[in-house]
Amino acid sequence: MVLLSITTIMEDVGIDEAFLDISDEPDSNEAIVERIKSGIYEKTGLTCSIGIAPNKLLAKIASDMQKPNGMTVFTGDDIEKKLWPLPIRKLYGIGPKTEEHLKAMNIQTIGQLASLSMESLIKRFGHSYGYYLYEAARGIDESPLVTHWEPKSFSRETTFQVDVKDWQVIARTIAELTKEIVSDMSRRHYRARTINLKIRFDDFRTITRATTIEGYSGSEEVIRKAAFACLKRVELARKVRLIGVRVTNLEKLEKVSLPV
DNA sequence: TCTGGGGTCCTAGGACCC
DNA sequence: TCTGGGGTCCTAGGACCC
């Protein structure tokens, strides 16, 4: 609510982050930051860090630069000075695997990443991600704020305290997870066509199996049966550490309640 | 560094159809 | 009968984010 009083163009990112489009706000950056900080402090007693930049990618990085209770302004002119010296891992979308990969190529900073050609990045990382890295290293990000979205999947998973071998326990767990998912789904008025089962073994190997059914369903029985059909296709040679169930391929039901 | 849960997106390969 | 191209759907796995 604090943030919505600033602007209604807002994208929630998880529980404690958001992007705000303040490009049309008449107040100065400093004034807006002050309103946000004091508003959040009054409501929650918490401080926050704020980044102001021409796009989401840079705003995210900027907000990270002065961590407790800070504010960083990033302009298009700061790319070389502020972005390029940073380690690659600071770039949104670069995780441990890509970091490792790039370091093996002797790329340590975002600036060094920016020295690679688009062709070589696409060759190494595939079309979409290679192109993303090329642009991100230059601070380019045209992605709009997403103010409304629909879920693409519902899932539940659980890790056992002790690795299990007992088929009964596995089956019961699948049934329980399914029940919770179906409850989520029906509360939010969705039905699904594809049911995924995820199993992690005691050696951390993780496999998935999917079943796509004839039409969309929100029936606990139908979805549980599909999950069991997936389970049948798994060779349970090792103990199981984690079980997960996910439904994808969703259809939103209209407010007028339809039979499930 | 190794901890868990709920998500998203991407890629590759196979099946099937025209 | 064989070869090949293009499109779509499905499955399995991987990487990343909060």
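Throughout, protein chains are lettered first and strands after them, A, B, ... in sequence-line order, and every chain is numbered starting at 1.
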Between A:Lys37 and A:Ile50, which heavy-atom pair has the shortest distance, and what is it? CG-CD1, 4.1 Å
Between A:Tyr92 and A:Lys60, is there a cation-pi geometry (under 6.0 Å to ring centre, at most 45° from the normal)? no
Any side-chain N or O of A:Ser155 below 4.0 angstrom from OP1/OP2 of B:dG7? yes
Salt bridge check, A:Lys252 against A:Glu150: does any charged N sit closer than 4.0 Å to a carboxylate O? yes
Could A:Glu119 and A:Lys123 be called an ion pair, given the rule that one side-chain N must be under 4.0 Å from one carboxylate O? no
May I ask you to decide if the ring planes of A:Tyr129 and A:Phe125 are parallel, tilted or perpendicular, using 30° and 60° as cut-offs? perpendicular
For nucleotides 9-18 of chain C, 5' to 3', base contacts (B), sugar-phosphate-only contacts (S) and non-contacts (-) with protein non-hydrogen atoms under 4.0 Å give -SSSS-SSSS
A:Arg200 or A:Asp184, whichever maps to the more 5' nucleotide of DNA chain B: A:Arg200
Within this structure, what is the CD-to-P distance between A:Glu11 and B:dT8, rounded to whole angstrom? 13 Å
For A:Arg246, report the nucleic acid contact type (base, sugar-phosphate, nothing); a contact means any heavy atom under 4.0 Å. base
Can you name the closest pair of heavy atoms from A:Glu235 and A:Phe201 and give their distance? O-CZ, 3.9 Å
Distance check, rounded to the nearest 0.5 Å: A:Ile107 atom CD1 versus A:Leu121 atom CG? 8.5 Å
Starting at the 5' end of DNA chain B and moving along, which residue's nearest nucleotide shows up first, A:Lys152 or A:Ser128? A:Lys152
Whole Å only: how far is the CH2 atom of A:Trp149 from the C1' atom of B:dT8? 11 Å
Provide, to the nearest angstrom, the distance between the CD atom belonging to A:Glu150 and the C1' atom belonging to B:dT8. 15 Å
Taken to the nearest whole Å, CG/A:Asn196 to P/B:dG5 is 18 Å
Rounded to whole Å, how long is the line connecting atom CD of A:Glu176 with atom P of B:dG5? 14 Å
Assess, by modelled atom type and distance only, whether the side chains of A:Thr208 and A:Arg246 contain a donor and an acceptor separated by less than 3.5 Å. no
Value in whole Å for how far the P atom of B:dG7 lies from NZ of A:Lys198: 12 Å
Stems involving DNA chain B, each a run of at least 3 consecutive Watson-Crick or G-U pairs under 3.5 Å: B:5-18 with C:5-18
Which residue, A:Lys239, A:Arg241, A:Arg238, forms the salt bridge (Lys or Arg N to Asp or Glu O under 4.0 Å) with A:Asp163? A:Arg241
